[in-house]
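Note that the numbering runs from 1 along the sequence shown for the chain. Only this structure's heavy atoms are used, side chains among them; waters, hydrogens and symmetry mates stay out.
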Amino acid sequence: SLWDRHTMEKVYGSGKAKTTQFWVALVKELVSRGVLCEIKQSGTCGGRMNTWYGLGVTQKGHKFLRGLDKMMVKAYGDLKQKVKKVVVITPMFDAKRAPGDQARSELYSILVNERLVISTSTKLPPYMICTEQTLLQMAET
């Protein structure tokens, strides 16, 4: 069947790690470049008239799929690969290093890691769990 041939392709499933926003942005870009086109369709179901849009491949799209045309798409907005930023903060509690600074730094690191665990489990941004300033104040006392 057509579905079986589709699932046997070597590229099948290769984009599953991409987000829905990425695929929506890519389709919009391909429509704007004339590679794909929107096709308005309508029909009846249960006596009600329904209208929906589908996608079609244009002549330009067929050339592209056959490898006759090349296309470069600039990665911007939702097409950009999301890179997790890691920020390491080393708190300075006083202008001069004091004997307790090592312990406060270790406590601060523990608090930051615990906030990250809570943030991940509740699916909330870390700053909504506890602000950096609050963590620094807790570590200082």
Side-chain angles (χ1 to χ4, degrees), residues 1-46 48-141:
S1 75
L2 180 60
W3 177 254
D4 292 333
R5 287 189 310 201
H6 171 66
T7 58
M8 298 303 283
E9 288 290 329
K10 66 180 179 181
V11 295
Y12 176 75
S14 61
K16 65 184 173 188
K18 300 289 185 185
T19 65
T20 301
Q21 293 87 353
F22 169 84
W23 290 112
V24 169
L26 182 61
V27 168
K28 285 181 179 179
E29 183 69 21
L30 294 175
V31 168
S32 73
R33 290 183 178 228
V35 176
L36 298 176
C37 62
E38 291 181 289
I39 302 170
K40 186 176 181 179
Q41 301 175 2
S42 58
T44 57
C45 181
R48 293 181 61 189
M49 184 65 137
N50 295 307
T51 302
W52 66 91
Y53 288 88
L55 290 173
V57 180
T58 63
Q59 290 294 343
K60 185 176 180 178
H62 283 289
K63 286 181 180 177
F64 173 70
L65 291 173
R66 288 188 200 110
L68 302 175
D69 276 350
K70 293 184 179 182
M71 177 175 45
M72 297 291 288
V73 177
K74 184 175 180 176
Y76 63 93
D78 288 330
L79 290 174
K80 265 190 175 177
Q81 183 176 357
K82 305 290 186 228
V83 178
K84 289 187 176 182
K85 295 180 181 178
V86 178
V87 178
V88 178
I89 299 172
T90 306
M92 290 296 295
F93 296 100
D94 294 313
K96 296 178 185 175
R97 299 291 279 176
D101 282 349
Q102 179 66 31
R104 285 191 285 272
S105 292
E106 289 173 11
L107 176 58
Y108 175 77
S109 296
I110 292 168
L111 291 170
V112 169
N113 288 333
E114 194 59 35
R115 179 182 68 165
L116 184 60
V117 169
I118 295 168
S119 169
T120 303
S121 67
T122 59
K123 296 181 180 173
L124 290 171
Y127 72 88
M128 291 188 73
I129 306 300
C130 192
T131 66
E132 294 288 329
Q133 188 63 39
T134 303
L135 292 177
L136 286 168
Q137 288 172 352
M138 284 192 285
E140 191 172 14
T141 55

Looking only at heavy atoms, which two atoms of [X] and [Y] are closest? And how far apart?
{"X": "Met8", "Y": "Asp4", "value": "CG-O, 2.9 Å"}
{"X": "Thr134", "Y": "Thr131", "value": "OG1-OG1, 2.8 Å"}
{"X": "Ala139", "Y": "Arg104", "value": "O-CG, 3.1 Å"}
{"X": "Tyr108", "Y": "Leu135", "value": "CE1-CB, 3.9 Å"}
{"X": "Thr58", "Y": "Cys37", "value": "CG2-CB, 3.8 Å"}
{"X": "Val35", "Y": "Phe64", "value": "CG1-CD2, 4.4 Å"}

Strictly distance-based, threshold 3.5 Å: is any side-chain N or O of [X] a donor or acceptor partner for the main-chain N or O of [Y]?
{"X": "Lys60", "Y": "Asp69", "value": "no"}
{"X": "Ser119", "Y": "Arg115", "value": "no"}
{"X": "Ser42", "Y": "Asn50", "value": "no"}

Is any side-chain heavy atom of [Y] closer than 4.5 Å to one of [X]?
{"X": "Leu36", "Y": "Val57", "value": "yes"}
{"X": "Val31", "Y": "Leu55", "value": "yes"}
{"X": "Gln21", "Y": "Val24", "value": "no"}

[atom1] of [X] to [atom2] of [Y]: how many Å apart, nearest 0.5 Å?
{"X": "Gln133", "Y": "Met138", "atom1": "CD", "atom2": "CE", "result": "11.0 Å"}
{"X": "Thr7", "Y": "Leu2", "atom1": "OG1", "atom2": "CG", "result": "9.5 Å"}
{"X": "Leu116", "Y": "Glu114", "atom1": "CG", "atom2": "CD", "result": "9.5 Å"}
{"X": "Ile118", "Y": "Cys130", "atom1": "CD1", "atom2": "SG", "result": "8.5 Å"}

- Message: Is it true that, when you exclude Gln59 itself, more than 12 heavy atoms of the residues, nucleotides or ligands shown sit nearer than 6.0 Å to its CD?
- Response: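 Count not over threshold, so no.
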